[in-house]
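The structure follows.
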Amino acid sequence: MRIVSATEITKNIKEMCIEANIVLSSDVKEKICKSAKNESSVLGKQILETLEENMEIAEKEQIPICQDTGMTVVFVKIGQEVHIDGGFIGDAINQGIREGYQEGYLRKSVVKDPIVRVNTKDNTPGVIHYEIVKGDKIEITVAPKGFGSENMSRICMLKPADGIEGVKQAVIETVKLAGPNACPPMVVGVGIGGTFEKCAFLAKKALARNLNETSEISYVQELEKELLEKINQLKIGPAGLGGSTTVLGVNVETYPTHIAGLPVAINICCHVNRHSTRVI
């Protein structure tokens, strides 16, 4: 049994909240820079170059890449041989979010109740997904999620007969509906299978996957590639002003499902696809 202190978890969460909001991961940076070179639209190219400049300024000046510093989504894989000492892990995570958003001067965007809508003033609580795994380590991914793109996401409860063509249609239609509202170029996370809530989790999880990594499932690899090509052919373009770069990447995750269903979730993210991962 390995002991991990709650204070260590808080410290890492705090640092990751600040880091994720200021520095984009290398895979997302790479995609934006490559797209800026290859963009067919003059205006689109200018917009992508401005995004490059914005990334550089944010990192140099240690300020947020985007004013919407998101609602903090946290994925936690906890080894079954780990014992958390000195406090409850949920409290430790939320304390890390609280400290990170205060010390990093990040915008607090969370309201305590969805109807009453009084700001919690510290960006807590986060949305925390726990998974028990083998081993004695804790893997944490912090993914602040802005709501301009979150609001354009959808779940589609398809029929099994709709098949993979139905999945493609649902994804492409969702991106069309999102248009400029999701601050393109976008990253699209797709979850297929499971149940109503499981496919949404898969879609969210897909956004945190490195854009240079492909699925181990051959048909999913082809699906990701085809969707990327077809969505970019929509010509929505950077900022929705036309061009060949509508999405930077499409990541698809799957899970077994019921014989009577084909749940599909499409989680849209803007070009500021933020995530930071550490292993404790």
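FYI, the numbering just counts along the sequence from 1.
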*Dump the intermediate steps for salt bridge (Lys or Arg N to Asp or Glu O under 4.0 Å) on E253 and K205, then the final yes or no.*
CA-CA 8 Å; E253 297 289 334; K205 186 179 177 182; 5.7 Å; no
*Hey, is the main chain of C33 close enough, under 3.5 Å, to the side chain of E52 for a donor-acceptor pair?*
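No, E52 side chain to C33 backbone: no donor-acceptor pair under 3.5 Å.
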*Between CD1 of I13 and CZ of R98, what distance do you get to the nearest 0.5 Å?*
12.5 Å
_Criterion side-chain contact (heavy atoms from CB on, under 4.5 Å) against I97, the qualifying member of L106, T124, D122_ = T124
*Do Q95 and T10 get their side chains close enough for a donor-acceptor pair, meaning under 3.5 Å?*
no
*Is it true that a side-chain atom of S276 and a backbone atom of M16 form a donor plus acceptor pair closer than 3.5 Å?*
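Answer holds: no.
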_Using only atom types and a distance under 3.5 Å, with no angle test, would you say the side chain of T246 pairs donor to acceptor with the backbone of P185?_
no
*Is it true that V264 and L228 fall in one hydrophobic cluster, defined by side-chain heavy atoms closer than 4.5 Å?*
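Yes, one cluster joins them.
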*Are the charged groups of E226 and K230 less than 4.0 angstrom apart, N to O?*
yes
_Using a 3.5 Å distance criterion without hydrogens, assess whether the side chain of N12 forms a donor-acceptor pair with backbone atoms of I9._
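Side chain of N12 to backbone of I9: no pair is present.
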*Apply salt bridge (charged side-chain N to carboxylate O under 4.0 Å, His left out) to E197 and list each qualifying residue two or more places apart in sequence or on a separate chain.*
none
*Any sub-3.5 Å donor-acceptor pair from E224's side-chain atoms to T214's backbone N or O?*
no
*Run through T141, V142, I93, I132 and flag the one making a side-chain contact (heavy atoms from CB on, under 4.5 Å) with V76.*
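For V76, the side-chain contact (heavy atoms from CB on, under 4.5 Å) check succeeds only for I93.
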*Among the clusters formed by ILVMFWY side chains lying less than 4.5 Å apart, do M55 and L211 turn up in the same one?*
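Same cluster: M55 reaches L211 through Ile, Leu, Val, Met, Phe, Trp or Tyr contacts under 4.5 Å.
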*Ionic contact status for K11 with E8, cut-off 4.0 Å*: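 Looking at E8 and K11, the cut-off is not met.
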*Under 3.5 Å, is there a donor-acceptor pair between the side chain of K45 and the main chain of A36?*
yes
*To the nearest 0.5 Å, how far apart are NZ in K112 and CG in N119?*
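With rounding to 0.5 Å, NZ (K112) is 12.0 Å from CG (N119).
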_Counting neighbours of NZ on K235 that are heavy atoms of other residues, nucleotides or ligands and sit closer than 6.0 Å, is the number greater than 12?_
yes
*Rounded to the nearest 0.5 Å, what's the gap from CD1 on I22 to CD1 on I63? Could you check?*
8.5 Å
*asked:* Quick one, K168 with E165, criterion salt bridge (Lys or Arg N to Asp or Glu O under 4.0 Å). Give me CA distance, side-chain angles, the key distance, then yes/no.
replied: CA-CA 5 Å; K168 294 174 190 175; E165 292 305 317; 3.0 Å; yes
*Could you grab the distance from atom CG of L262 to atom CE of M157, nearest 0.5 Å is fine?*
8.5 Å
*Under 3.5 Å, is there a donor-acceptor pair between the side chain of N123 and the main chain of Q102?*
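No, because the side chain of N123 does not come within donor-acceptor range (under 3.5 Å) of the backbone of Q102.
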*Is L158 linked to I192 within one hydrophobic cluster, defined over Ile, Leu, Val, Met, Phe, Trp and Tyr using a side-chain heavy-atom separation of less than 4.5 Å?*
yes
*Distance in Å, C270 SG paired with K145 NZ, rounded so as to fall on 0.5 Å steps*: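 With rounding to 0.5 Å, SG (C270) is 6.5 Å from NZ (K145).
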_Checking the side chain of N232 only, and the main-chain atoms of V247 only, is there a donor and an acceptor separated by less than 3.5 Å?_
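Yes, the answer is positive, given that a donor and an acceptor are paired below the 3.5 Å cut-off.
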*Measure the OH-CD1 distance between Y130 and I89 for me, rounded to the nearest 0.5 Å.*
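It comes to 5.5 Å.
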_From CA spacing to verdict: salt bridge (Lys or Arg N to Asp or Glu O under 4.0 Å), K29, E56_ = CA-CA 10 Å; K29 282 184 184 178; E56 292 169 3; over 6 Å; no
*Would you check if the side chain of N251 reaches a backbone N or O of G189 as a donor-acceptor pair within less than 3.5 Å?*
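Between the backbone of G189 and the side chain of N251 there is no qualifying donor-acceptor contact (under 3.5 Å).
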*Among the clusters formed by ILVMFWY side chains lying less than 4.5 Å apart, do F147 and L207 turn up in the same one?*
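Different hydrophobic clusters.
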*Are any side-chain N or O atoms of E81 and backbone N or O atoms of K134, one a donor and one an acceptor, separated by less than 3.5 Å?*
no
